[in-house]
Amino acid sequence: MSSMQQSFKADQSEGNREEWNRSELESANQTRDEAATTTAHASKQEASGFLQQTGEQMMHMAQGAVDTVKNTLGFNDDKSN
């Protein structure tokens with residue numbers, strides 16, 4: 001094999017490695033982006049669920065306070081008393 005052929009094969013091998021490295025980098029970046037999107041979506045759903053639960057708790061507390069005031073003032077809905 002001539003030195004020119006050896007040089008060509010070395011250049012070709014280097015080019016293949018660079019192409020493989022680029023491909024791996026693109027794959028890693030895509031995986032990272034997908035993971036970030038999935039995490040953001042899950043966080044948004046978790047926050048939404050937390051806010052809904054908190055809102056429901058606040059409504060129950062407010063209704064409890066209203067019922068307490070009504071009972072204290074004698075305006076309760078129970079007509080059997």
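Every heavy atom of this structure was used, including side-chain atoms; hydrogens, water molecules and symmetry mates were not.
Taken to the nearest 0.5 Å, the CD atom of Q63 stands 9.5 Å off from the OG1 atom of T68. To the nearest 0.5 Å, the span separating OG1 on T37 from CZ on R32 amounts to 10.0 Å. L25 CG to N21 CG: the interatomic distance, rounded to the nearest 0.5 Å, is 8.5 Å.
No more than 12 heavy atoms of other residues, nucleotides or ligands shown are found within 6.0 angstrom of CD on E46. Other residues, nucleotides and ligands place no more than 12 heavy atoms under 6.0 Å from the CD atom of Q52. Residue-environment remark: CD (E19) stays at or below the threshold of 12 foreign heavy atoms within 6.0 Å.
M59 and M61 fall into different hydrophobic clusters, where Ile, Leu, Val, Met, Phe, Trp and Tyr residues are linked whenever their side-chain heavy atoms come under 4.5 Å apart, directly or through other members.
Judged purely by atom type and a 3.5 angstrom limit, S48 has no side-chain atom pairing as donor or acceptor with the backbone of K44.
A donor and an acceptor atom, one from each side chain of Q30 and E26, are nowhere located under 3.5 Å apart. In this structure, a donor-acceptor pair under 3.5 Å is absent between the side chains of H60 and E56.
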